Structure formats: C-alpha cells, structure tokens
Amino acid sequence: MIKVLLFAHLKDLIGKDEIEVNADELTVEQLRQKLSDEYGLHGLEGVMAAVNEEFADPDTMVSNGDTVAFIPPVSGG
Amino acid sequence: MIKVLLFAHLKDLIGKDEIEVNADELTVEQLRQKLSDEYGLHGLEGVMAAVNEEFADPDTMVSNGDTVAFIPPVSGG
Amino acid sequence: MHERYSRQTLFSPIGEAGQAKIRHKHVLLIGAGALGSANAEYLTRAGVGRLTIVDRDYVEESNLQRQQLYTEDDVQAKWPKAEAAKKHLQRINSDVDIRAVVMDGTAVSLEPLIADVDLIMDATDNFETRMVINDLSQKHQIPWIYGACVGSVGMSLTIVPGITPCLNCLLRTIPIQGMTCDTGGIISPAVTMTVAHQSAEALKILVEDWDAVRPSFVTFDMWRNQYQSMKISRAKKKDCLSCGEQRTFPFLTLENATKTAVLCGRDTVQVRPPQPLKLNLQKLSDDLANSGYTVKANPFLASIEQNGQRMVIFQDGRALVHGTKDEAHAKTLYQRILG
Amino acid sequence: MHERYSRQTLFSPIGEAGQAKIRHKHVLLIGAGALGSANAEYLTRAGVGRLTIVDRDYVEESNLQRQQLYTEDDVQAKWPKAEAAKKHLQRINSDVDIRAVVMDGTAVSLEPLIADVDLIMDATDNFETRMVINDLSQKHQIPWIYGACVGSVGMSLTIVPGITPCLNCLLRTIPIQGMTCDTGGIISPAVTMTVAHQSAEALKILVEDWDAVRPSFVTFDMWRNQYQSMKISRAKKKDCLSCGEQRTFPFLTLENATKTAVLCGRDTVQVRPPQPLKLNLQKLSDDLANSGYTVKANPFLASIEQNGQRMVIFQDGRALVHGTKDEAHAKTLYQRILG
C-alpha cells in the first residue's frame with residue numbers, strides 16, 4: 001500500500017484528501033499515471049510531489065508503506 | 001520506545017525537540033514524572049499533552065511505539 | 001454584491017450567499033492588542049456587518065512593532081486602542097458598523113454586550129478573561145475562537161458549544177501565568193500566524209460552513225519551525241463545570257474579589273473603582289494641573305505625572321498605574337488622586 | 001535601543017544585537033499587493049533599515065478585502081500601490097527609509113536596484129517574475145523568500161544561495177499558470193498565513209540566524225485544514241541552469257520578447273513601450289481631455305476613459321488596458337493614445 005495525500009484543489013477532484021494505492025514499487029511519474037488511469041485523478045503534471053515529507057523528482061522511487069503527497073504550486077500574491 | 005516531542009521553550013530546556021524514552025506502558029502523568037526524574041525536564045505540570053496527535057489527559061495510557069507531544073499553553077495576545 | 005468583495009465571493013466555499021451572511025453577522029472582539037488589531041482589520045476588510053471591539057488599554061510606543069492599524073500619531077495622542085482601531089477601520093471599510101468599548105472585559109461588563117453576537121473572538125492576554133469568555137460562550141451558545149501567542153509561539157482552538165469540547169475541558173485549571181507571560185518578548189510572525197488561524201475559522205463560522213471548522217487544537221513555533229495539531233474530539237468532559245451536564249459557569253459566578261491586577265509582562269498595575277464612574281475628565285485634568293501635576297488628556301483618558309510617577313485614568317474611573325508591580329502602592333497612589 | 005522595539009529585543013534569538021542588525025539591513029520587496037503590503041508592514045514595524053518596494057499597479061476597490069495598509073481614500077485617488085504603501089508605512093515608523101518604485105519588475109528593471117540589498121522578498125503574482133528573482137538571487141548571492149497564495153492555499157520557501165536548492169531546482173519549468181491563476185478567488189487568511197512564514201524567515205535572515213532558517217518547503221490550506229512541510233535538502237540539482245555548476249541564469253538572458261501581458265485573473269492587459277518614457281502626465285491629461293476623453297490624473301498616473309473603455313497610463317509609458325484580455329486590441333487602443 002502507498003498512502004497518497006492530496007492537497008488543495010486536488011482534494012476536491014475526488015472528494016477526499018487521502019487515498020491508498022495498491023502498488024509495490026514504482027516511480028513518482030508512474031504513480032501519477034496510475035492515479036490518472038485508475039482513479040480519474042488528472043492534472044497532476046507540473047504538480048510537486050513529496051515522498052515521506054521529502055521533495056521528490058519524477059523518477060524518485062516509491063515503495064510499499066511510503067506516503068506520497070501531491071502539492072500543486074500556486075502563483076498568486 | 002516512546003517518542004517524545006517537545007514544543008516551544010521545552011525544546012531549549014534540553015537542547016532538542018525529540019527524545020526517545022525507554023518505556024513500555026505508563027500514563028502521561030508517569031511519563032512526565034519520568035522525564036523530570038531521568039532527563040531533568042522539569043516544569044511539565046500544566047503542560048498539555050497529545051498522544052499520537054490526540055489530546056491526552058494525565059491518566060491516558062502511553063504504549064511502546066506511541067508519540068507523545070508536550071505543548072505548553074501560552075496566554076499572550 | 002460589491003466589487004470590493006469580488007475576490008472573496010469568487011472563493012466558492014463563501015460565494016455570494018456566504019458574503020451575504022458575513023454582511024449580517026455581529027462579531028464581539030475582546031482585546032485590541034496584537035491579535036485584536038489584526039483580527040479587527042481582517043474582519044473589517046472581509047465585510048462583517050458589525051464589529052464590537054472591547055479593550056482596556058491605550059496605544060504605546062512599544063505596541064507599534066507588532067500591533068497593526070496603529071500609527072505614531074496614536075502613540076502621541078495616547079488614544080485608547082479600541083477607539084484608535086475604530087478610527088483606522090472606518091477608513092478601510094465604511095460599510096462596517098464598528099463599535100469601540102473602552103473598558104476592562106469581565107464577567108460583569110461583557111455579558112450585556114453579547115445579546116445578538118454571532119461569534120466571539122479572543123484577543124485577550126490572560127487566561128482569567130478567556131475562562132470568562134468560555135463560560136459566556138457556553139451560557140449563550142455562541143462559538144468563540146481562542147488565540148494566544150508569545151515569543152515565536154502561537155496556538156488556536158475553535159470552540160463551538162454543543163459540538164466541541166470547551167477550553168475548561170482541556171485546561172481544567174488556569175495555567176500558571178508566569179511560564180508564558182510576555183517576559184520572553186514577542187515577534188510579529190507569531191501574531192500573524194495565530195491570526196491567520198483565527199480569521200480563517202471566523203470566516204467558516206460566519207458563513208456557517210460547520211464541516212470546515214478545524215477539529216483540532218493547533219500550535220506552532222515560527223522560529224523553531226514546529227507545527228502540530230492535535231485532535232480534541234475525545235476531550236469533552238461530561239463533568240466539565242463550563243459545558244458538562246451539571247454546568248455552573250464557575251467563571252461567571254466567582255466572587256470578583258480583586259479590584260487591582262498586575263498587568264502581565266509590564267511594570268503596571270490596573271486599579272478599578274468599586275463601581276464604574278463617569279468622570280468629567282476635563283474638570284479632573286484642570287484640578288490636577290492646578291495642584292501641580294503634569295496632565296495630558298484626550299476625550300477618553302487623562303495621563304497624570306508627578307515626581308516621575310505616571311498614571312492613566314479612564315472615564316470609567318479605571319486607572320493604569322505605571323512604574324510599579326506593587327498593588328498596595330498602586331492603590332495608594334490611585335486614592336491620592338480619586339479619593 | 002528604542003522602547004519601540006523592546007518586545008522584539010526581549011525575544012532572545014533577536015536581542016539587542018539582532019535589532020542592531022535589522023536596523024542596518026536593506027530589503028527589496030517585489031510586489032505590493034496582498035503579500036507585499038503585509039510583508040511591508042511587518043518589516044517596517046520590525047525596524048528594517050531600508051525597504052525598497054517595487055510595484056506596477058495602483059489601488060482598486062477589489063484590493064481592499066485582503067491587501068492591508070490601503071484605505072478607501074487610496075482607491076478614490078487611484079494611488080500607485082508602492083506610493084500608497086510608502087505613505088502609510090511612514091506614519092507607522094518614521095525611522096525606516098522607505099523607497100517606492102512604480103514600475104514593472106523585469107530582469108532589466110530590477111537588476112539596477114539590488115546593489116546593496118540583503119534580502120529579496122517575493123510578493124509577485126506570477127512565476128515568470130519569480131524565476132527572474134531566483135536568477136538575480138543566485139547571480140548576486142542574495143537570499144530570497146518565495147511566497148504565493150490563492151483561494152485558501154498558500155506556500156513558502158526560503159532560498160539561500162550556496163546552501164539551499166533554488167526554485168528552478170524544484171520546478172524545472174514554469175508551471176502552467178491557468179491551474180493556479182486567481183480565478184478561484186482568495187481569502188485573507190491564506191495571505192496572512194503565507195506572510196507569517198515569509199516574515200519569520202525574513203527576521204531570521206536579517207539577524208543572520210542561519211541555523212534557524214526553515215529547511216523545508218511549506219504549504220497549507222486554511223479552509224481544508226491542511227499543513228505539510230517537505231524537506232528539500234536533497235533537491236539541489238548540479239545541472240540547474242540557475243544555481244548549478246554551469247549556471248547561465250536563463251531568466252536574465254531570455255529575449256524579453258513580449259511587450260504585452262494579460263494580467264492573471266483580471267480582465268486587463270499590460271502594454272509597455274519599447275523603452276521606458278518619462279511622460280509629462282499633466283500635458284497628456286490636458287490634451288486628452290481636450291480630445292473628448294474623461295481623464296483623472298494624479299502625480300503618478302492618468303486614468304483615461306472613452307466609450308466605456310478604460311486605460312491607466314503610468315509616467316514611464318506603461319499602460320494597463322482594462323476590460324479586455326485581447327493583447328492586439330489592447331495594443332491598438334494604446335497606440336491610439338500614445339502613438
């Protein structure tokens with residue numbers, strides 16, 4: 001299980017801020033793809049990701065038991 | 001092991017904001033006493049405690065693997 | 001709806017309907033120091049219908065570093081904070097009905113103010129007054145938002161009668177003041193952070209979005225980079241004297257024994273007359289000036305000095321005696337002036 | 001040290017020594033909107049030595065809901081935000097040297113301002129300008145503090161050249177604006193929360209308490225009750241074009257192709273002349289009034305209206321064309337006025 005935390009407007013896209021994804025070992029980019037394909041969670045391109053509260057690149061590996069947070073950057077001010 | 005998080009000025013009393021306490025099963029009040037006796041961490045009376053991010057009373061039980069946060073209430077404004 | 005609120009109505013959890021609600025609500029704000037002035041500004045900008053501000057103090061130079069709204073002119077004029085805040089807020093939003101009340105908030109003085117209040121905002125600097133607010137909130141079923149800060153630390157809790165635990169459930173006793181009194185100073189980011197939490201909760205309550213109300217006690221330290229929230233849903237006590245089954249509102253009925261109080265973190269004692277007075281400040285000022293005191297007055301207070309000893313007397317007979325922490329000494333000085 | 005700063009010097013990580021440092025520092029603040037006005041107020045109250053404020057806009061009614069400092073009078077007078085902020089800040093703290101610069105912050109226009117700057121505060125509303133700030137920060141080895149907010153969401157990151165990763169390490173490309181543009185509105189607690197983080201980091205940097213600087217990217221949602229910080233120490237990229245081994249500062253050297261830009265979340269296009277001008281606004285206003293335009297001018301800008309079409313022209317020849325998102329149309333209207 002990988003725990004996925006959804007921040008800001010991402011939460012509203014599927015109505016909850018936390019989902020569990022059944023996967024063992026994949027990259028952040030693959031997780032994004034999986035969330036789009038299987039959970040209808042689109043628009044994660046350009047969204048920052050953190051794995052276990054540490055900034056992650058698209059090719060960062062995610063393993064069973066990890067927590068991945070998706071954080072959309074904002075530009076207002 | 002019980003993980004103890006120290007907030008605000010409590011951090012400065014022993015120079016770090018996280019310590020591990022070797023204990024198995026005890027109340028929040030007993031943990032306070034232990035921290036005073038064994039770690040020189042005095043002045044925890046009247047300090048709020050949270051066990052696993054939930055508000056705890058003095059007689060709330062703490063077990064191996066739990067995280068306990070001590071939060072001193074402040075009155076300024 | 002006004003162009004003024006367009007960015008706020010665009011925010012969908014508020015919308016036009018929420019904005020209409022905000023415009024019809026009455027907020028009672030207790031305290032116009034650091035937390036109070038900032039909360040007052042944001043509520044006024046958001047377009048609350050009526051804002052009643054209660055404060056017992058006047059603007060001093062040392063306030064300017066962290067208390068928004070106030071300017072150097074307010075310090076010069078020794079303007080009471082509630083009145084100074086009102087003056088600035090009216091320039092920001094003339095649509096809001098701002099009421100300034102210059103007085104010490106106590107169980108006796110606050111209760112008459114809360115008849116049609118929808119929300120009480122805590123911006124006091126002591127737990128005694130907060131426990132009074134907590135009991136008033138329970139007795140009149142009005143939500144209130146606790147906020148406090150010192151040094152780089154702040155915390156907040158939203159209390160909704162009948163739903164959340166109350167402050168008395170969590171604290172049980174008034175914490176020892178000394179530990180948290182502002183002898184450790186205060187920096188503005190701790191204020192700002194606390195106000196961000198309080199004002200967000202205020203908007204949720206004003207638009208009646210109860211599901212969005214934060215169900216946890218939050219605390220943070222802006223210098224040590226700490227942020228912690230703790231759930232409080234299980235902290236409600238059946239035997240709580242403020243919100244439990246046998247509630248007695250102990251902080252409303254307690255004998256209000258002391259008429260003097262040392263102000264936290266300041267070399268100042270507050271002295272109150274047995275009953276509020278309605279002083280003729282102009283006459284008092286003239287009399288004292290004739291007796292050799294140095295007097296500076298404005299419509300709300302008179303500042304009196306002799307031999308380096310300074311005292312500020314408000315219209316209701318209340319005085320702040322500066323340069324001492326000795327209550328007996330302060331009372332003696334007070335009686336020398338007001339008999 | 002002044003009584004004014006007594007509560008700040010009592011805070012031991014600042015103290016008298018830290019306060020003396022703050023008094024000698026120069027902060028460059030880019031933007032005087034929601035984040036800018038609030039950061040400006042707190043830096044001024046804290047007693048920074050010099051504060052330079054750059055902003056391209058003027059005060060409008062829809063700003064008042066969340067942009068502190070500004071009043072209804074500023075809206076009436078269409079005062080440029082940088083100048084309006086300066087006016088209010090001087091009443092708050094006359095010891096601070098406030099400099100207002102009414103212009104569009106670009107690679108070309110900002111670089112001459114940063115000679116003796118100790119810290120750059122980000123209060124812009126777009127990633128293009130932030131990437132320029134990020135490159136300027138790396139080129140001149142000046143720390144900067146990213147802050148942004150929209151809806152109930154905010155975020156912040158402190159970038160210290162040579163120590164932390166830079167914004168280009170984290171984002172790699174400029175994120176798609178549409179996603180986060182302020183079409184979703186904005187509430188003041190999101191602003192306040194962001195500013196609390198930015199101003200705390202600013203104080204740490206100004207007193208040179210580098211160990212206290214937050215080593216993480218922080219984000220929060222005040223309505224959904226979310227708070228998350230993520231460590232960024234391993235995000236530094238050796239091949240980053242802004243801070244890596246072969247740095248080229250791409251956002252300083254990029255062809256500044258477009259002279260027009262649609263302002264995010266607003267029905268407004270900005271048009272810039274090829275070179276900054278120095279217009280005689282009084283003469284321009286008179287000429288246009290004689291030609292049948294409705295003109296309202298102040299020392300900094302002229303607001304021109306005809307047939308419901310409104311345009312504001314600044315002294316440097318820059319214009320904000322309102323009521324359109326069509327850049328070609330805006331340019332046509334601009335050229336009709338300024339040839």
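This one's a predicted model, so the numbers in the text were calculated from it and none came from an experiment.
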Determine the sole option in D:Gln67, D:His88, D:Lys81 for which the side chain to side chain donor-acceptor pair (under 3.5 Å) test with D:Asp74 is passed.
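It is D:His88, the one option of D:Gln67, D:His88, D:Lys81 that forms the side chain to side chain donor-acceptor pair (under 3.5 Å) with D:Asp74.
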Answer with side chain, backbone, both or neither: which region of A:Ala8 has an atom nearer than 4.5 Å to a non-hydrogen atom of chain D?
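It is both, since atoms from each part get that close.
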For D:Phe220 and D:Tyr227, take the angle between the two ring planes, folded into 0 to 90°, and tell me which bin it lands in: parallel under 30, tilted 30 to 60, perpendicular over 60.
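Answer is parallel, since the angle falls under 30°.
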Between D:Thr124 and D:Asn126, do the side chains contain an N or O donor and an N or O acceptor separated by less than 3.5 Å?
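Per modelled atom types, D:Thr124 and D:Asn126 side chains form no pair under 3.5 Å.
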Chain A contact via D:Ala123 - side chain, backbone, both or neither, heavy atoms under 4.5 Å
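The answer is the backbone of D:Ala123.
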Looking at A:Asp12, A:Asp17, A:Val51, A:Asn52, which one has more heavy-atom pairs under 4.5 Å with chain D than the rest?
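With the most close heavy-atom pairs to chain D, the winner is A:Asp12.
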Return the option, out of D:Ser229, D:Ser233, D:Gly147, with the maximum number of heavy-atom pairs under 4.5 Å with chain A.
D:Ser229
Do the non-hydrogen side-chain atoms of A:Val4 and A:Tyr39 ever get within less than 4.5 Å of each other?
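Not in contact.
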